[in-house]
Amino acid sequence: MKKLLYLSAAALFVIGCTNSSTEEGNTDTTATTNDVVQTETLQEEYDETVGTGKYNETNFTVSPTVDAELAKKGDAIYGAKCQSCHKTTDERLVGPGFKGVSERRTPVWIMNFLTNTDEMIDVDPAMQEELEICMVRMPDQALAEVDAHAMVEFFRENDGVK
């Protein structure tokens, strides 16, 4: 029920904010309506444990222990790309702190988010709520698969996985 209400509000917001007038003074909502229907379809199919993207439980898994070499690489990526907006604690900076992310989200979801950021923000209800709090959309970091995997290992290590 909450999703339906959210989608209706989103649809009204999108239609209300993106209508364009034609030369005759009529309002053209065809493209906007199609966008809303596409977003609703994506959200109906959305699995909050997997996210949306090319990764799933069959093509991406992690070992029970952290890959220390990848975690070290993830730490370097954090320093270069993430540190200005995120802390490794649960404290919010521009975006949320990273503490506990590997406990709240599956490795597959994290991989999909890091490699398909824009679409995930558009369809994930929790990311929509986070966006309303942060008021800043996380930019796509253009991470390669190995770099995203390194970040997964960095998050796991940060959360105490040995």
Side-chain angles (χ1 to χ4, degrees), residues 2-3 6-7 9-11 13-14 17-18 34-162:
K2 185 177 180 182
K3 283 187 180 180
Y6 171 76
L7 289 174
F13 175 75
V14 171
C17 292
T18 61
N34 290 340
D35 291 344
V36 170
V37 169
Q38 183 178 9
T39 300
E40 287 177 354
T41 301
L42 286 172
Q43 287 187 343
E44 287 172 11
E45 298 171 4
Y46 186 73
D47 180 344
E48 293 181 14
T49 64
V50 174
T52 185
K54 71 179 191 177
Y55 300 100
N56 58 52
E57 292 90 354
T58 59
N59 67 10
F60 182 77
T61 58
V62 294
S63 69
T65 59
V66 169
D67 180 324
E69 189 174 316
L70 275 177
K72 184 176 180 182
K73 182 176 183 172
D75 187 25
I77 294 167
Y78 166 77
K81 293 187 174 226
C82 311
Q83 187 173 353
S84 61
C85 294
H86 300 276
K87 293 189 175 207
T88 57
T89 65
D90 58 2
E91 184 181 350
R92 178 177 304 282
L93 197 54
V94 174
F98 285 157
K99 186 71 178 162
V101 72
S102 70
E103 297 161 357
R104 292 186 306 274
R105 297 297 188 164
T106 65
V108 170
W109 186 96
I110 295 170
M111 283 294 288
N112 281 324
F113 181 73
L114 293 175
T115 59
N116 194 28
T117 307
D118 291 329
E119 189 172 344
M120 289 279 288
I121 291 172
D122 289 343
V123 300
D124 186 282
M127 291 292 90
Q128 294 276 317
E129 289 176 18
E130 196 65 44
L131 182 58
E132 287 185 24
I133 294 167
C134 295
M135 302 299 289
V136 175
R137 186 177 182 94
M138 181 174 148
D140 184 347
Q141 297 299 313
L143 293 177
E145 181 173 349
V146 68
D147 294 339
H149 188 174
M151 289 304 299
V152 169
E153 294 300 306
F154 171 74
F155 293 144
R156 293 175 68 219
E157 183 177 73
N158 188 57
D159 290 337
V161 176
K162 301 291 180 196

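With contacts defined as side-chain heavy-atom distances shorter than 4.5 Å, the pair N112/V50 qualifies. Looking at I121 and F113, their side chains come closer than 4.5 Å, going by heavy atoms from C-beta outward. Taking the side chain as every heavy atom from C-beta outward, T65 and K162 never approach each other to under 4.5 Å. Residues F154 and T88 meet the side-chain proximity criterion, which asks for heavy atoms closer than 4.5 Å.
Pairing each heavy atom of P96 with each of C134, the nearest pair is CD-SG, 4.0 Å. Residues E48 and P125 share a closest heavy-atom pair of OE2-CG, 3.7 Å. Closest non-hydrogen pair, K99 versus N158, comes out as NZ-O, 2.9 Å. Across all their heavy atoms, V94 and S84 have their closest contact at CG2-O, 4.3 Å. The two atoms that bring G51 and M120 nearest to each other are CA-SD, 3.6 Å, heavy atoms only. Closest non-hydrogen pair, P139 versus T117, comes out as O-CG2, 4.4 Å.
Here CG of L114 is found 7.5 Å from SG of C82. Values are rounded to the nearest 0.5 Å. Summarising the geometry, atom OH belonging to Y46 is positioned 11.0 Å from atom CG belonging to D122; distances are rounded to the nearest 0.5 Å. Atom NZ in K72 sits 12.5 Å away from atom CG in D67 (nearest 0.5 Å).
Electrostatic pairing of R137 and E130 does not count as a salt bridge here, judged by no charged N lying under 4.0 Å from a carboxylate O.
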- prompt: Can you check side-chain contact (heavy atoms from CB on, under 4.5 Å) on M127 and M138, steps first, answer last?
  reply: CA-CA 10 Å; M127 291 292 90; M138 181 174 148; over 6 Å; no

field: Worked check of side-chain contact (heavy atoms from CB on, under 4.5 Å) between V152 and L70
entry: CA-CA 9 Å; V152 169; L70 275 177; over 6 Å; no

Step-by-step side chain to side chain donor-acceptor pair (under 3.5 Å) determination, W109 to D47: CA-CA 9 Å; W109 186 96; D47 180 344; over 6 Å; no

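Judged by distance alone, the side chain of N116 and the main-chain N or O of T52 form a donor-acceptor pair under 3.5 Å. Panel note: side chain D159, backbone S102; a donor-acceptor pair is recorded below 3.5 Å. Checked by atom type and distance alone, the side chain of K81 pairs as donor or acceptor with a backbone atom of Q141 at under 3.5 Å. At least one donor-acceptor pair under 3.5 Å links the side chain of N59 to the backbone N or O of K54. For the pair H86 (side chain) and G97 (backbone), a donor-acceptor distance under 3.5 Å is absent. Within the 3.5 Å criterion, the main-chain N or O of V108 finds no donor-acceptor partner in the side chain of E57.
Within the structure, side chain to side chain donor-acceptor pair (under 3.5 Å) pairs that include any residue of residues 146-155 comprise K73-D147, E153-R156 (at least two apart or interchain).
With sequence neighbours left out, R104 forms a salt bridge (Lys or Arg N to Asp or Glu O under 4.0 Å) with no residue at all.
Under the side chain to side chain contact (heavy atoms under 4.5 Å, CB included) test applied with F60, the options T58, V62, N56 reduce to a single match, V62.
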